[in-house]
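Heavy atoms only: backbone and side chains are in, while hydrogens, waters and symmetry mates are out.
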Amino acid sequence: MNTLAIDIVARILARQRRRAIPIRATSALSPDPEPVFGIAPIQVVAEHRVQAIAYGLLSSQPRIVISENPLSREVSCLEPFARDLNSYLMTALREGRMPRIWLPHAQALKSIELLGHRYRYNKQASELIRRMGWQCWELAQESTFESQQVVAVATQIFAKHFVTGQSPVEDMHLGAFLAWLCPTIGVDLVQESERRALQPAAAMLERADDDRIESLRKVVKTEGVSPRSQAAKREIETILTRAARNEWSLLVEAQNAYWNSGLSTDRNYEPLIAESNYRIRISLEKDFRSPSRPHSLSRRLASYEHAVEIAEDMDIRADERIRERERRVGRVFNSTVVSIAQPKRNCKPCKITLRTTQDVLRVRPGTEVSTIDGSVTGKVLSIEEDVDAQLIEIDVKTGVRASTLPTIGNSVEWTTTSVFSPWVRNKVFTYLAESTSPLIFGDALPASCPNGAEEMDLLEIAENLRRQS
Amino acid sequence: MSLAGTRGLIRISLNPECELQTAMVLDRVREPEFYKEVTGETFPGEYGERVSARRRGVMFENNLHKDNAALLRQALGPMFGLDPNNMRVRNLIEEVPENDLAGRIKRLDLTRSIFRDLAEGRPVPDLLIQPQLQIITGSGANDFDHIAPDFMIFDPSARVFVIGEEKSFIVRNGVGEPADLDRTRRQAAVQVIALRAEMASLGIAERVLNRAVFVFASPHGLHPARPVEEKNLDAEVFEVTRALCVLAESRERLANRRNHRTIPLPVIANELSTSFRDACMGMCVMVSYCKALAGDTARVLGNSAADLLGPDTDLTRVSELLAGASPTNTREAMLAEYLLDAARALSFVDASEGSIA
């Protein structure tokens, strides 16, 4: 059963029921730690330069910074934002709690990433702006880790948890998605979604406002300090403030809609929070350069992989709907305990045999398995056919005590997901870094070095092997 | 701005099955006006390039072309083994600044004289800015469009010019917005086809490969983003070539439908088939019209749903099957089983009923 079919069925049902429906039982995002910080930027189209930002604690009215001339090198207008962002992040770190930043959509995330890219090491910017650049960069990097808990981008979170009765392309518009998530009684849902889609929700101004500001900026540029120029500046500020407030309202609406959607948060988030908190703490305590060498890039890729492993493992254990999907592809299986071989009670060695009638199994000798609650773990020793079923023998590693070990006849569910400890991988990367092998750090291929063996006809070898068998 | 030339070909290449769109390209409609004539309402959305985007585009190009195209020479010369300090540049928009038809024809003549020099082995400029090409779109005398690549760079090893496009959107390490990059590549593909046709008239078409050079902007200003890369355009050239075929076939069909009279397109718009797809959104003014025509079919749920269920599959019927209605044929039976299994994965199936709860 592939996820595409699930998505399509969910959309059909959402369309029929006239509202967005959840495709998960639980939230992948842990409950908002108080306080939560929001950032809603407005960019100059095509320049991707911030011209206004609404920001602050989501529980309060936003503060707004405006850039009169976003194309100039002058960025002191961003300093209040830089100061408040720094204050929020440093207070969170000092108090030992995880920061949480909400953004409305992917364009807003890109916007702050670009702030990071442009100002992190910009010698012409003030120390405060460079610090802002660093922090924005690290927040954008954190958002790339699967199931990280620090940066919440509303459109991405919605797409992960719900489907609407429209196409995925239309779902990318936050306003249109919210129309499905929070339908208004008495209002035609499709029409409302299409109406909201006409308003930009991508960190940009409405067309008329954008064109108006372009003409006003020309006035400011050509007329210096004249009354007409001052009036133009005031009008620019009014337009940008209004647009930033609208983006902020959308963000607040999205945050509220998500937490009121009925998704359960009754699950374990600790491993996800711990990973996220650790990463953001390290990255905000010291400004490390982005990885660029083979060993550091490999370490980064391994971190991504590790984050995916943790997320998948946690989701399967916590979310029944996800577990049902994984059952269908064989990563989770139901079984009955048919025998236990444990010479000494409460001790290893301990081998249990399970009987399962599940059609699809992604299990083979050597697969690490564990019960859904994680109390029993083991490794598959063998799989044999039985009448209309399969028998799986497991060498139990943890949970051998009588109080945790399942008894004969028990029905137990197992998962094949496991989280590979980063300890071994880190040893590999350390070795890589120290060895500086030209195979890894160089650009040139090593010269070919024939081993001196006589040439062999591989086909002849294959034929000989076939005859022997 | 009318829907013609490169824009029209790109649009057809993205949705070649839409008869209405192809007819709009053939008739070179002005889209917002066409929308009003068909629907009776003003187009409610945003149309056309924003002033801010156009301004940036102009500034980016001007920056690349100033000082005898210094930035372009620095970026492109080493790629083709040319010394940037000794590259010969001709800027045809400076030589012929008029932007009307007469100006385009003059630049086309200049471009063709350079091509003749190339074919006959005489020296040619290393960098040609705003050359003019023509793309033939049919067999009639007026079935062509003027095409203006941003530049062409001479590749001495292949003894041919390579198409070049300048785009002011930001790219980092070769990564930009996929939709922007896709349209740019298709635009270059149109130019490659036009260039090949010009070279064919001189007997050297085989020198033109499906490739182009793209110069994008860095995040830090109006400088080219590094690295500047040459890209293979086999897929895009294939799709644009198909678009040209679709255009030619549709021209004849449309003439027949009009009985070879000048019936305005809005009058016969509802007789033309549409093909509502994801690519329509954000691209075509008629999207809401076509979406309404698609009604309650799988098309409205996106390309993936249309591909899986069949684009014209009635969603109401699918809902009935999910609710337990008896399939009327083998296809419905297979679909019901497949989709009910998916619904079970979502825990939406009533175990006792075997249908959606």
Of the backbone (N, CA, C, O) and the side chain (C-beta and beyond), which part of Val45(A) lies under 4.5 Å from a heavy atom of chain B, both, or neither? both
Considering residues, nucleotides and ligands other than Asn62(B), do more than 12 of their heavy atoms fall under 6.0 Å from its CG? yes
Heavy atoms from other residues, nucleotides or ligands near CE of Met204(A) exceed 12 (cutoff 6.0 Å): yes
Could you check whether any side-chain heavy atom of Val300(B) comes within less than 4.5 Å of a side-chain heavy atom of Val190(A), counting everything from C-beta outward? no
Proximal component of Ser304(B), with respect to chain A [non-hydrogen, under 4.5 Å]: both
With chain A as the partner, which of Pro44(B), Gly302(B), Pro219(B), Ala53(B) has the greatest number of non-hydrogen pairs under 4.5 Å? Pro219(B)
Might you point out which heavy atoms bring Ser319(B) and Gln16(A) nearest each other, and give the distance in Å? CB-NE2, 3.2 Å
Give the minimum heavy-atom separation between Ala342(B) and Val9(A), together with the two atoms involved. CB-CG2, 3.7 Å
Quick check on Leu308(B) against chain A: is it the side chain, the backbone, both or neither that has a heavy atom closer than 4.5 Å? side chain
Check Ser167(A) against Met281(B) and note the closest heavy-atom contact, atom names and distance. OG-CE, 3.4 Å
If you count heavy-atom pairs under 4.5 Å with chain B, which of Arg15(A), Glu206(A), His48(A) comes out on top? Arg15(A)
Any side-chain heavy-atom pair of Leu71(A) and Arg55(B) under 4.5 Å: yes
Less than 4.5 Å to any heavy atom of chain A: does that hold for the side chain of Leu309(B), its backbone, both, or neither? side chain
Closest non-hydrogen atoms of Ser52(B) and Asp210(A), given as atom of the first, atom of the second and distance, are OG-OD2, 3.1 Å
Which one wins on heavy-atom pair count under 4.5 Å against chain B: Arg11(A), Arg217(A), Arg321(A), Arg49(A)? Arg321(A)
Can you tell me if Arg172(B) uses its side chain to pair, donor with acceptor, with the backbone of Leu114(A) under 3.5 Å? no
Report the option among Arg327(A), His117(A), Gln166(A) that has the most heavy-atom pairs separated by less than 4.5 Å from atoms of chain B. His117(A)
Would you mind checking which part of Ile213(A) comes under 4.5 Å of any heavy atom in chain B, side chain (CB onward), backbone (N, CA, C, O), both or neither? neither
Counting heavy atoms not belonging to Lys221(A), are there more than 12 under 6.0 Å from its NZ? no
Would you call Asp341(B) and Arg328(A) a side-chain contact if the rule is heavy atoms closer than 4.5 Å? yes
Greatest number of heavy atom pairs closer than 4.5 Å to chain B - which of Glu113(A), Glu194(A), Gln199(A): Glu113(A)
Options Arg118(A), Glu324(A), Glu326(A), ranked by heavy-atom pairs under 4.5 Å with chain B, top entry: Arg118(A)
Closest approach of Gly45(B) to Leu198(A) (non-hydrogen atoms, all atoms of both residues): CA-CD2, 3.8 Å
At a heavy-atom distance under 4.5 Å, which candidate from Lys291(B), Arg50(B), Arg56(B), Arg299(B) has the highest pair count against chain A? Arg50(B)
Where Ala345(B) and Arg325(A) come nearest, the two heavy atoms and their spacing: CB-CG, 3.9 Å
Counting heavy-atom pairs under 4.5 Å with chain B, which one of Arg323(A), Glu320(A), Glu170(A), Arg24(A) comes out on top? Glu170(A)
Close side-chain approach of His220(B) to Asn122(A), heavy-atom, < 4.5 Å: no
Hey, could you give me the OG1/CD1 distance between Thr316(B) and Ile12(A), rounded to the nearest 0.5 Å? 10.0 Å
